[in-house]
Amino acid sequence: MINTVQRTNDFREITFGRRSVKLYDPEIKISREEMTEILAGATRAPSSVNMQPWRFVVIESQEGKEKLAELARFNKTQVLTSSAVIAVFVDMNNAEYMDEIFGKAVELGYMPQEVKDMQLKAVKPYYANIPASDLRDVNFIDAGLVSMQLMLVARSFGYDTNPIGGYEKDQIAEALDLDKDRYQPIMLISIGKATKEGYPSYRLPVETVTTWK
């Protein structure tokens with residue numbers, strides 16, 4: 001059993017030790033099986049009404065990374081040397097999966113049928129009438145949660161990551177053969193083994209960012 005000290009040290013290693021990685025070992029490959037495990041761990045992140053709006057595109061081929069690098073001009077090094085880049089999107093039609101999500105919850109014994117019926121009665125009209133801007137806000141929050149969890153899970157597997165916001169957001173969906181109206185970009189996350197220690201960065205003190213009541 002992991003004791004409290006070890007658990008604390010593991011947490012500090014995963015979180016406090018995070019630095020911005022700019023250069024990876026291009027020889028390191030991540031198998032499809034291991035990447036699937038990492039993504040599965042990430043998708044355990046919470047989401048509003050468990051609607052899981054996140055969608056991933058894993059760019060792992062050299063051809064794919066070279067194409068992506070042209071859309072991330074200021075982050076080419078991370079893209080080209082990484083084992084892969086995970087493009088995180090939200091599916092603005094994620095309500096299409098509502099019946100599957102709630103139905104499987106009943107099938108697996110996670111939720112009684114009557115609870116499913118009650119929740120769907122409330123949730124379906126909500127999603128049918130929610131303004132697009134409000135749905136976007138909800139989905140973007142959920143996608144932010146899954147992105148951070150993905151980075152933490154990757155670290156637990158021994159990989160380094162770097163979130164990338166500098167890329168052509170208006171072109172990325174179509175470049176990856178996605179419907180740009182349905183799939184909206186959140187960020188790119190490069191993943192691999194760093195060959196150079198990332199740069200530290202200053203963080204505002206807790207006293208500055210926290211108010212106690």
Side-chain angles (χ1 to χ4, degrees), residues 30-61 64 67-68 71 84-157 159 161 163-165 167-191:
I30 301 175
S31 70
R32 189 71 58 89
E33 292 74 20
E34 190 171 28
M35 183 66 80
T36 298
E37 285 188 63
I38 291 170
L39 292 172
T43 61
R44 304 304 297 174
S47 66
S48 180
V49 205
N50 195 30
M51 287 303 298
Q52 308 166 50
W54 45 71
R55 304 291 182 264
F56 309 110
V57 178
V58 180
I59 301 97
E60 58 182 357
S61 69
K67 181 178 180 181
L68 181 62
L71 300 178
V85 178
I86 302 164
V88 183
F89 291 85
V90 292
D91 180 358
M92 295 299 289
N93 293 358
N94 63 315
E96 291 181 0
Y97 292 87
M98 191 180 298
D99 287 317
E100 177 182 344
I101 290 170
F102 284 89
K104 280 290 186 181
V106 173
E107 181 183 321
L108 294 169
Y110 301 157
M111 177 186 293
Q113 180 67 43
E114 59 269 23
V115 173
K116 171 199 168 184
D117 295 341
M118 178 183 66
Q119 291 203 359
L120 284 180
K121 186 177 180 180
V123 173
K124 280 192 171 182
Y126 173 78
Y127 271 85
N129 295 290
I130 186 173
S133 59
D134 290 350
L135 177 61
R136 183 178 186 274
D137 289 344
V138 170
N139 286 348
F140 272 46
I141 290 172
D142 291 348
L145 290 169
V146 83
S147 296
M148 187 71 252
Q149 179 133 325
L150 195 160
M151 295 167 69
L152 293 174
V153 172
R155 191 73 191 94
S156 74
F157 275 71
Y159 295 109
T161 58
I164 299 172
Y167 59 94
E168 304 297 335
K169 295 180 175 65
D170 60 333
Q171 300 176 41
I172 187 73
E174 289 181 311
L176 296 174
D177 301 317
L178 299 176
D179 179 343
K180 68 177 182 179
D181 294 321
R182 175 169 181 167
Y183 299 100
Q184 298 189 7
I186 302 299
M187 69 179 73
L188 305 176
I189 301 176
S190 58
I191 180 172

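Keep in mind the model is a prediction, meaning the values are calculated, not measured.
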Closest contact, heavy atoms only, Q149 versus G41: NE2-O, 3.0 Å
Quick one: does L188's side chain get under 4.5 Å of L71's, heavy atoms only? no
Between CG of L178 and CZ of R55, what distance do you get to the nearest 0.5 Å? 11.0 Å
If we ignore hydrogens and angles and just use 3.5 Å, is the side chain of D142 paired with the main-chain N or O of S48 as donor and acceptor? yes
Nearest-0.5 Å distance that lies between atom CE in M187 and atom CE in M148: 9.0 Å
Is it the case that the side chain of Q113 and the backbone of V106 share a donor-acceptor pair, with hydrogens and angles ignored and the cut-off at 3.5 Å? no
Closest approach of A143 to S147 (non-hydrogen atoms, all atoms of both residues): O-OG, 2.8 Å
For a quick test of reading the model, state the closest non-hydrogen atom pair linking V146 to A45 and the distance between them. CA-CB, 3.8 Å
Taking all heavy atoms of A87 and all of L176, pick out the closest pair and write down the distance. CB-CD1, 3.9 Å
Might you confirm whether atom CZ of F140 has over 12 heavy atoms from other residues, nucleotides or ligands at distances under 6.0 Å? yes
Of all the heavy-atom pairs spanning Y167 and P185, show the shortest one and how long it is. OH-CB, 3.4 Å
With the side chain counted from C-beta on, respond yes when D99 and K124 share a heavy-atom pair under 4.5 Å apart, and no when they do not. yes
Under 6.0 Å from the NZ atom of K104, do we count more than 12 heavy atoms belonging to anything else shown? no
Indicate yes or no: at least one non-hydrogen side-chain atom of F56 is less than 4.5 angstrom from one of V88. yes
Stacked cation flag K180 on Y183, 6.0 angstrom / 45 deg: no
May I have the step-by-step check of side chain to side chain contact (heavy atoms under 4.5 Å, CB included) for F157 and I30, ending in yes or no? CA-CA 11 Å; F157 275 71; I30 301 175; over 6 Å; no
Could you tell me whether the side chain of D91 reaches within less than 4.5 Å of the side chain of E96, counting heavy atoms only? no
Please walk me through it: do F89 and I172 pass side chain to side chain contact (heavy atoms under 4.5 Å, CB included)? CA-CA 10 Å; F89 291 85; I172 187 73; 4.0 Å; yes
Closest non-hydrogen atom pair, M92 against D181: CG-O, 4.1 Å
Point-to-point distance, once rounded to the nearest 0.5 Å, from CD of E100 to CD of Q52: 9.0 Å
Return the CD to OH distance between E34 and Y159, rounded to the nearest 0.5 Å. 3.5 Å
Test V49 against I101 for side chain to side chain contact (heavy atoms under 4.5 Å, CB included), laying out the working first. CA-CA 10 Å; V49 205; I101 290 170; over 6 Å; no
For M151 and I189: C-alpha separation, side-chain torsions, deciding distance, then whether side chain to side chain contact (heavy atoms under 4.5 Å, CB included) applies. CA-CA 8 Å; M151 295 167 69; I189 301 176; 4.0 Å; yes
Quick one: pull up OH in Y127 and CG in D134 and give me the separation to the nearest 0.5 Å. 11.0 Å
Quick one: are Q119 and M111 in side-chain contact, heavy atoms under 4.5 Å? yes
4.5 Å side-chain heavy-atom contact, I86 and L39: yes
Name the residue from T43, N94, V90 that meets the side-chain contact (heavy atoms from CB on, under 4.5 Å) definition with W54. T43
Distance col, row I141:CD1 vs I186:CD1, nearest 0.5 angstrom, shows 10.5 Å
Sub-3.5 Å donor-acceptor pair from the side chain of K116 to the main-chain atoms of A105, do we have one? no
